[in-house]
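Notes to accompany the following structure.
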Amino acid sequence: MRNYEAMIILRPDMEEEARNTLVEKIQDIIVKGGGEIRETAHWGQRRLAYEIQKLRDGYYILVKFTDKGENIRELERNLNIMDNILRFLVVREGE
């Protein structure tokens, strides 16, 4: 199993309950694919380097997990179609 990190930027105008539900949904995708969540950190709302969808701020979440690597495409596909996600990046740790 390899270590991965997913940095996810959510819309800043989301309610806290909706945000937590979305994070749980992302964690479920990882766990159902055979991965294991190591850490989830809410970095909070921060200024973006440039406007995305006419927004200047975003809510940052960092999810560290282990996976065999087979589930990463499915995770990225799901992150791509979720409406409240502005940007995301999934990388293997140590690269």
If two hydrophobic side chains count as joined below 4.5 Å and joins carry through other members, does [X] share a cluster with [Y]?
{"X": "Tyr50", "Y": "Tyr60", "answer": "yes"}
{"X": "Trp43", "Y": "Leu48", "answer": "yes"}
{"X": "Ile61", "Y": "Met82", "answer": "yes"}
{"X": "Leu10", "Y": "Ile37", "answer": "yes"}

Could you check whether Arg19 makes a cation-pi contact with Tyr59, meaning its NZ or CZ is under 6.0 Å from the centre of the six-membered ring and within 45° of the ring axis? yes
Please list, one pair per line, the donor and acceptor atoms closer than 3.5 Å that link side chains of residues 22-32 to other protein atoms, with sequence neighbours excluded.
residue: Gln27; atom: NE2; partner: Thr40; partner atom: OG1; Å: 2.6

When rounded to the nearest 0.5 angstrom, what is the spacing between [atom1] in [X] and [atom2] in [Y]?
{"X": "Asn78", "Y": "Leu75", "atom1": "CG", "atom2": "CG", "answer": "7.0 Å"}
{"X": "Glu70", "Y": "Ile72", "atom1": "CD", "atom2": "CD1", "answer": "10.0 Å"}
{"X": "Leu55", "Y": "Asp13", "atom1": "CG", "atom2": "CG", "answer": "6.5 Å"}
{"X": "Asn20", "Y": "Glu15", "atom1": "CG", "atom2": "CD", "answer": "11.0 Å"}
{"X": "Asn84", "Y": "Ile9", "atom1": "CG", "atom2": "CD1", "answer": "13.5 Å"}
{"X": "Leu79", "Y": "Arg87", "atom1": "CG", "atom2": "CZ", "answer": "13.0 Å"}

Quick one: do Glu36 and Lys64 make a salt bridge, cutoff under 4.0 Å? no
Are [X] and [Y] close enough that some pair of their side-chain heavy atoms sits under 4.5 Å apart?
{"X": "Glu5", "Y": "Leu62", "answer": "yes"}
{"X": "Arg11", "Y": "Leu86", "answer": "yes"}
{"X": "Met7", "Y": "Phe88", "answer": "no"}
{"X": "Arg38", "Y": "Phe65", "answer": "no"}

Just wondering, more than 12 heavy atoms not from Glu51 lying within 6.0 Å of its CD? yes
Arg2 atom CZ, over 12 foreign heavy atoms within 6.0 Å: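 Atom CZ in Arg2 is not packed in, count stays at 12 or less.
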If you apply the rule salt bridge (Lys or Arg N to Asp or Glu O under 4.0 Å), what do you find for Glu74 with Arg77, and how did you get there? CA-CA 5 Å; Glu74 180 66 18; Arg77 186 187 71 77; 2.9 Å; yes
Contact summary for Gly35 and Met1, nearest pair of heavy atoms: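 Minimum heavy-atom contact is CA-CE, 4.5 Å.
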